[in-house]
Amino acid sequence: MIRLAIQSKGRLNEDSLRLLREIGINIDDAKRKFLGKAADFPLEVLYLRDDDIPGVVEGAASDIGIVGLNEIAETGADVEVLRKLGFGACRISLAVPKTVEYPGLEWFQGKSIATSYPAVLRRFLAENGIDAKVREIKGSVEIAPAAGIADAIFDIVSSGGTLVSNGLVEVKSVLESEAVLICRKDLPAEKKALLDTILFRIDAALESQGKKYVLMNLPTAKIDEALKLLPSMRSPTVMPLAAEGWSSVSTVVCEKTLWQTVESLKGIGAEGILVLNLDKVID
Ligand code: ATP
Ligand code: MG
């Protein structure tokens, strides 16, 4: 049995459970308790506040955990970061009221800064030789300047919408974060074997992210030209069609360049182009 800590509710909860489902581990969410159990894998799920996850994994009350890098940086927990998971992206940034004429970091000299990330902020200020007052508040950091609690804030930003609606401007991004899989040090061998299975499945799920499977018909004479346009894991699959002079070509394409690739393929005569979702890519 291996124990995984995830956020009980909040921004990382749903994506953590979705990732588990994608790798064939289903937790009975209906009767969610403090500790849940997977129906189809020797795994227990411990539901916690995200702040508590790094410490609980460090202390071995949980073997592995899913949490934001921001919380690992703040707690300073001694855990291994095994994989970035591609969700929960955000950054912790310094922001000042938009009325400030901001000359650069020296502006913060002697100012007060409200934050829920005092450890990360103190480290940054020390590294940059800035002497500022750190005011720790647990929530609603963004209202601190308007409420007269602090001159500026150091807080999580993702789209930036919250800053704008509170009359603030982001001036310095200090830490880039996303959800990661963490593991405690010195995992016993039998748990290590379970972890390896989980990592193998996670890698297959991550590998399929941002990729599509593309299938098309093409005049056989154009195959060489098509192959130049198509990057793929090894090389695209080419099969003759029943119709003389035509072939079927299939390959994996990056979502980012999908439209560009499809348009170029149409340009050389591809027809009946199918774009399919990829569930897993297993190497
Ligand atoms: P908890 O009750 O578990 O302590 P919380 O209120 O501290 O929850 P959430 O707001 O649910 O935390 O955010 C959890 C994590 O999601 C953050 O620590 C961060 O890693 C990530 N995240 C991504 N985007 C954002 C965002 N815009 N605001 C806050 N957190 C974000
Ligand atoms: Mg929290």
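Read the numbers this way: they start at 1 and go in the same order the structure lists the ligands and their atoms.
Other residues, nucleotides and ligands contribute over 12 non-hydrogen atoms within 6.0 Å of the CG atom of Asp40. More than 12 heavy-atom neighbours from other residues, nucleotides or ligands sit within 6.0 angstrom of CD on Gln209. Atom NZ of Lys185 sits in a crowded spot, with more than 12 heavy atoms from other residues, nucleotides or ligands closer than 6.0 Å. The local environment of NZ in Lys266 is sparse, with at most 12 non-hydrogen atoms from other residues, nucleotides or ligands closer than 6.0 Å.
Remark: ligand 1 atoms within the under-4.0 Å shell around heavy atoms of Gly10 are 11 (O). The atoms of ligand 1 that sit less than 4.0 Å from any heavy atom of Gly88 are 21 (C), 23 (C). Using a 4.0 Å cut-off to heavy atoms of Leu12, the atoms of ligand 1 that qualify are 15 (C), 16 (O). Listed by number with element, the atoms of ligand 1 under 4.0 Å from a non-hydrogen atom of Gly68 are 20 (O).
In summary, Arg184 and Asp63 engage in a salt bridge, as defined by a charged side-chain N under 4.0 Å from a carboxylate O. Ion pairing between a basic and an acidic side chain is recognised when a charged N comes within 4.0 Å of a carboxylate O; Arg83 and Asp203 show such pairing. Look at Asp196 and Lys192 and you find a salt bridge, because one of the NZ, NE, NH1 or NH2 atoms lies within 4.0 Å of a carboxylate O, short of that distance.
The nearest protein heavy atom to atom 6 (O) of ligand 1 is not closer than 4.0 Å.
The part of Glu71 lying near ligand 1 is the side chain, judged by heavy-atom distances below 4.0 Å. The backbone and the side chain of Arg11 each have at least one atom closer than 4.0 Å to an atom of ligand 1 (non-hydrogen atoms only).
Contact detail for Pro54 and Asp50: the closest heavy-atom pair is CD-O, 3.5 Å.
A cation-pi arrangement is present between Arg18 and Phe87 under the rule of less than 6.0 angstrom and at most 45 degrees off the ring axis.
Annotation: atom 24 (N) of ligand 1 to nearest protein heavy atom, Cys90 CB, 3.6 Å. Residue, atom and distance of the protein heavy atom nearest to atom 27 (N) of ligand 1 are Ser158 OG, 2.7 Å.
Side-chain contact, Ser93 with Glu170: a donor N or O sits under 3.5 Å from an acceptor N or O.
Contact annotation: Ala89 has at least one heavy atom less than 4.0 Å from an atom of ligand 1.
Between the Mg ion (ligand 2) and the N, O or S atoms of Asp51, the shortest distance is to OD1. Within Asp50, the N, O or S atom at minimum distance from the Mg ion (ligand 2) carries the name OD1.
When only interatomic distances are considered, the shortest N/O to N/O separation between Asn70 and ligand 1 falls below 3.5 Å.
Compare Asp50, Asp15, Ile156 by their heavy atoms: the one nearest to atom 14 (C) of ligand 1 is in Asp50. Nearest-heavy-atom check against atom 8 (O) of ligand 1 across Gln7, Lys9, Arg49 picks out Gln7.
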